[in-house]
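Down below is the structure, laid out as structure tokens.
Numbering of ligands and ligand atoms starts at 1, following listing order.
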Amino acid sequence: MKKTILVTAALIFTACNDAPKDSVSYINNPEIAAKGAQTAKAFIESIKPVLESEMHKDPSGVGAMNMCSNDAMRLTSDYNAQLPAGTSVRRTALKYRNEANKPDATDAAVMEKFTATKDFDKPLVVDMNSSYRVYKALPMMKPCMSCHGDAISAEVKSVITQKYPNDLAVGFKEGEFRGVIVTEIKK
Ligand code: HEC
């Protein structure tokens with residue numbers, strides 16, 4: 001009896017967990033889309049010089065790997081601290097490296113859509129009731145290959161294995177969908 005209840009509860013729980021996947025409410029709001037895309041773009045531009053200077057100092061990519069793993073979350077919260085109240089950015093991916101960037105059900109559904117449509121230019125806007133989420137797709141580009149590509153050097157590989165034993169974010173080819181920047185804007 002107890003077992004039946006547990007199994008039933010588990011089934012219901014699983015069903016509930018899956019529910020948001022089918023009920024992502026995409027909206028067409030060019031103003032919010034532009035605001036979110038602009039915030040995401042400025043975020044990328046704030047990180048890019050740091051990454052480029054690390055890659056320049058140590059072209060093996062090991063220094064940049066360490067920088068990413070030590071500082072990416074802090075760079076994100078520093079960037080968020082100077083945004084208007086109620087607006088924030090984060091990164092997520094289906095195949096993620098950092099557990100802290102794990103997607104929720106809505107994130108996953110939106111990313112599955114990007115993977116299927118391969119339309120990475122147009123941001124997708126989702127109505128989350130009390131906020132909007134703007135999803136900006138990040139395709140794999142050449143500079144990403146040394147840390148997420150399909151021919152990673154042994155040195156970089158060993159840092160990845162050591163810091164992220166459960167890493168899912170390798171083996172990508174240029175042009176493939178890698179992940180998203182999510183801008184969340186409170187209503
Ligand atoms: C020097 C190595 C390095 C390079 C180059 C690099 N990344 Fe990463 N990336 C990392 C590391 C380490 C993490 C995990 C730490 C973090 O950033 O939270 C990460 C995390 C991410 C995440 C967050 C989701 C996750 O997997 O945790 C995305 C999205 C991402 N990278 C996309 C890219 C894209 C797109 C490029 C190219 C423009 C790129 N990366 C270039 C090392 C790198």
- Query: Counting heavy atoms only, which of Gly179, Ala64, Cys144 comes nearest to atom 37 (C) of ligand 1?
  - Reply: Cys144

- Message: Nearest non-hydrogen contact with atom 18 (O) of ligand 1 belongs to which option: Glu54, Arg97, Met55, Arg91?
- Response: Arg91

Could you tell me whether some N/O pair between [X] and ligand 1 is separated by less than 3.5 angstrom?
{"X": "Asn98", "answer": "yes"}
{"X": "Tyr164", "answer": "no"}
{"X": "Ser146", "answer": "no"}

Atom indices of ligand 1 within 4.0 angstrom of [X] heavy atoms, with elements:
{"X": "Pro143", "answer": "5 (C)"}
{"X": "Ala72", "answer": "16 (C), 17 (O), 18 (O)"}
{"X": "Tyr96", "answer": "25 (C), 26 (O)"}
{"X": "Met73", "answer": "18 (O)"}
{"X": "Leu138", "answer": "29 (C)"}
{"X": "Cys147", "answer": "1 (C), 2 (C), 3 (C), 4 (C), 5 (C), 42 (C), 43 (C)"}
{"X": "Met141", "answer": "38 (C)"}

- Is the backbone of Ala72 close enough, under 3.5 Å, to the side chain of Thr76 for a donor and an acceptor to pair up by distance? yes

- Message: Using a 3.5 Å distance criterion without hydrogens, assess whether the side chain of His148 forms a donor-acceptor pair with backbone atoms of Ala169.
- Response: yes

- Message: Please work out, at 4.0 Å between heavy atoms, whether the side chain, the backbone, both, or neither of His148 comes within that distance of ligand 1.
- Response: side chain

- Query: Does ligand 1 have a heavy atom under 4.0 Å from the side chain of Arg178, from its backbone, from both, or from neither?
  - Reply: side chain

